[in-house]
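This structure is a prediction, so every number in the text was calculated from the model and none was measured. Naming: A, B, ... by sequence-line order, numbering from 1 per chain.
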There are 2 protein chains.
Amino acid sequence: MPTNQVYVSLDAVIVTVSANEPNILVVDRSDGQPPILPSGPLDADEDETLELAVRRWLSLQTGITVSYVEQLYTFGDRRRGAAGGGERQLAVGYIALVPEETPSEGSLWVGTYELFPWEDRRFGRRDVLLNDLAPRLTEWARGDALREGRVQITFGLGAPWDPIRVLERYELLYEAGLVEEQSTDEGGPAPQTSFGRPLGVDHRRIVATALGRLRGKLTYRPVIFEVMPDTFTLTELQRSVEALLGMELHKQNFRRIVDRGELVEATGEHRSSTGGRPAGLYRFRSEVASERPQPGFPLPRPKAL
Amino acid sequence: MPTNQVYVSLDAVIVTVSANEPNILVVDRSDGQPPILPSGPLDADEDETLELAVRRWLSLQTGITVSYVEQLYTFGDRRRGAAGGGERQLAVGYIALVPEETPSEGSLWVGTYELFPWEDRRFGRRDVLLNDLAPRLTEWARGDALREGRVQITFGLGAPWDPIRVLERYELLYEAGLVEEQSTDEGGPAPQTSFGRPLGVDHRRIVATALGRLRGKLTYRPVIFEVMPDTFTLTELQRSVEALLGMELHKQNFRRIVDRGELVEATGEHRSSTGGRPAGLYRFRSEVASERPQPGFPLPRPKAL
DNA sequence: CTAGTAATGCTCGGATCGAGCACAAGTAGC
DNA sequence: GCTACTTGTGCTCGATCCGAGCATTACTAG
């Protein structure tokens, strides 16, 4: 007789952008182990829907009220939960987007690119990091044509970089033994070099899934405005998109998209920034969603190498 | 003390294309109620991963061995399961793609467009169906600007049709009381007119989610080949894509995409079809996946009205 | 041999996109 | 008040992609 009863938790990747950096909320653990995502149980009796459950305990646990919530993925490998014994754990992952905000005691923002340094390709950062990573990867793949192909495609070595493939890249590093979690899970020796800051359990994997999904969603839904304040300049908007995509965009082309998409409207006010011509202030036209399909920021066409 | 123990099932939307029609596998129920999706429990003790669990009982229950499996969404509304009493049910939905195949006793293929007639816009079928649906929808939305906007966008009335938005359309019909499940769930009177064939529980919703996701995935991953036989003509390939998208494609442009994408290779053989010039036979070049990002069939650009 | 049908090759104009130039409108330093 | 610098904003141009159609090829049916 199989056991069907399972403990279900709801794990949230709460994303914001502040100071042009994408951050996620984590909860510190007292025992010095890596932090984890905020997570709460599903109250099978009380919670009407999964999404309401997330909102409920999220405001309780972190003091943050989220407006945008979206289901991400359900993680159910047996390896999850207390390795070995313990009951079966199932985690339904959610993405939440919030404007910059201060969380309550116990939780804190962590830069997404501390977890995934290789995902940030703005301002030439790619060179520094891919010059460390690439050699290790090619070494790992050497002689195995399949591996070599995967490394090239997923990491954009000799091929265009696809910002969406965050999870694929993380999983490849996991396989190659280049992230800490691999040895933690398999019980082997810690790698001499590991990349990015780990999270507890499989939570870095969950964040990777979330970041990839979010990057994709940016291109066809106006989700970026969920992390923006009410009014903003076009440059601020662009910086936020760039932060999440991890790549720079051509300023004039970005504005062309905003214009054509009628995504925003001018408030008429201006802001004198740190220097230079004052920028017009804009606000999101939430009506777009009901006017046009696909209102988002299409990714730049990948360069043919 | 909240109850956290939950019964978890794995529900699969198994999709194939035969005779240019997209089909899904359903299981008939003896009591005359609408059929449901094949569904199995998660064996918390035995199943290493959720995906392996799906594969395990799928071959047991339907006799079908699937090669392609992908997680879809997790459905957990309290309304699910035995309405009222009974324990909390959580369903992790999966999409599986298979080539044409005969299932074992008890399960059978059903045309996807029997469930969603409005999703099939090939061969001018749109007129017949949208002339029935559209009046009811506009009536439902009359006077409510928000509803009117949603109807226009989701159903492409006076706006481009977006093949992806299958779930949005189904949910709108649900809200408008134009599908049977609405009255079943809420206990109200059955609608005078309802559209499409219902499934049990919330399974039609699950299929809607699957179809939307699949249509999207077609555009950037070569998943279509999962439902194709080993060799096929380019027209057969095109017909299968069209079947899932529910729309016709320009033949020459379709071939241009196949060519440029190097998705297939000629076998050198030809097939004399029912009449006309014999078509070359092709097979999938599975190497594409490791050669280029985004190897798929991009959707035609939506017409600006 | 002719008509019909499907497969295949090719072309052309419009839309979109990447990339840059040029100018506008401020601030900071002298 | 002038100059240098910084940032915002408008515009253009060539490359590419895409929609749509014409023309030709290679077969079947009568």
Side-chain angles (χ1 to χ4, degrees), chain A residues 20 123 160-161 163 219-220 231-242 245 247-282 292-305, chain B residues 20 123 160-161 163 219-220 231-242 245 247-282 292-305:
Chain A
N20 300 336
F123 321 116
W161 171 265
T219 69
Y220 61 93
T231 64
F232 44 81
T233 68
L234 293 182
T235 300
E236 286 166 356
L237 182 65
Q238 182 180 348
R239 292 283 174 264
S240 295
V241 173
E242 289 174 335
L245 290 182
M247 57 195 289
E248 294 170 76
L249 302 173
H250 182 105
K251 181 187 282 205
Q252 293 91 325
N253 292 347
F254 180 83
R255 280 153 193 253
R256 178 162 60 189
I257 290 165
V258 175
D259 262 27
R260 194 179 41 199
E262 297 172 302
L263 291 166
V264 300
E265 62 192 0
T267 66
E269 295 166 72
H270 289 261
R271 173 185 300 166
S272 351
S273 26
T274 47
R277 173 172 170 176
L281 280 177
Y282 294 81
R292 306 175 29 250
Q294 312 262 85
F297 299 93
L299 287 173
R301 188 185 298 168
K303 283 188 202 123
L305 220 190
Chain B
N20 299 337
F123 322 116
W161 170 265
T219 68
Y220 61 94
T231 64
F232 45 81
T233 68
L234 293 182
T235 300
E236 286 165 357
L237 183 64
Q238 182 180 350
R239 293 281 175 265
S240 295
V241 173
E242 290 174 335
L245 290 182
M247 57 195 291
E248 295 170 75
L249 301 174
H250 182 104
K251 183 188 280 207
Q252 293 90 327
N253 293 347
F254 180 84
R255 281 155 193 253
R256 177 163 59 188
I257 290 166
V258 175
D259 261 27
R260 194 179 41 198
E262 296 172 302
L263 291 165
V264 300
E265 62 192 0
T267 66
E269 294 166 73
H270 290 260
R271 174 185 300 166
S272 349
S273 27
T274 45
R277 175 170 169 177
L281 280 176
Y282 294 82
R292 307 175 29 250
Q294 311 262 89
F297 299 93
L299 288 172
R301 184 186 300 170
K303 281 185 203 129
L305 220 191

message: Quick test of your reading: applying salt bridge (Lys or Arg N to Asp or Glu O under 4.0 Å), list the pairs with at least one residue in residues 249-261 of chain B, sequence neighbours left out, ordered by first then second residue.
response: none
With A/His270 via side-chain contact (heavy atoms from CB on, under 4.5 Å) - residues at least two apart: A/Pro278
task: Provide, to the nearest angstrom, the distance between the CD atom belonging to A/Gln238 and the P atom belonging to D/dT9.
output: 12 Å
field: Contacts of A/Phe254 that satisfy ring-ring contact (aromatic ring centres under 6.0 Å, His included) - sequence neighbours left out
entry: A/Phe297
What N/O pairs connect the protein and nucleotides 25-27 of chain D at under 3.5 Å? Give each pair on its own line.
residue : atom : partner  : partner atom : Å
D/dT25  : O2   : B/Arg277 : NH1          : 2.8

message: For a quick check of understanding: with a heavy-atom distance under 4.0 Å over all strands, which category does A/Pro300 fall into, base, sugar-phosphate or nothing?
response: sugar-phosphate
statement: Across all chains, not counting sequence neighbours, the salt bridge (charged side-chain N to carboxylate O under 4.0 Å, His left out) partners of B/Glu269 are none
Which residues share a side-chain contact (heavy atoms from CB on, under 4.5 Å) with A/Pro163, sequence neighbours left out: A/Trp161, A/Arg215, A/Met247, A/Leu299
query: Under 4.0 angstrom, heavy atoms only, what part of the nucleic acid is B/Arg260 near: base, sugar-phosphate, or nothing?
result: sugar-phosphate
- line: Hits for side-chain hydrogen bond (donor to acceptor under 3.5 Å, both in side chains) against B/Gln252, two or more places apart or cross-chain, chain-then-number order -> B/His250
- prompt: For DNA chain C, which residues in residues 248-259 of chain A have a heavy atom at a distance below 4.0 Å?
  reply: A/His250, A/Gln252, A/Asn253, A/Arg256
statement: Rounded to 10°, the angle between the first-five-pair and last-five-pair axes of the helix from C/dC1-D/dG30 to C/dC30-D/dG1 is 0°
field: Set of residues satisfying side-chain contact (heavy atoms from CB on, under 4.5 Å) with respect to A/Thr233, sequence neighbours excluded
entry: A/Thr235, A/Glu236, A/Arg271, A/Ala279, A/Leu281
query: Across the strands shown, which category fits B/Thr233 at heavy-atom distances under 4.0 angstrom: base, sugar-phosphate, nothing?
result: nothing
Residues which pass ring-ring contact (aromatic ring centres under 6.0 Å, His included) with B/Tyr220, listed by chain and number, not counting sequence neighbours: none
Results of salt bridge (charged side-chain N to carboxylate O under 4.0 Å, His left out) for A/Glu248 - residues two or more places apart only: none
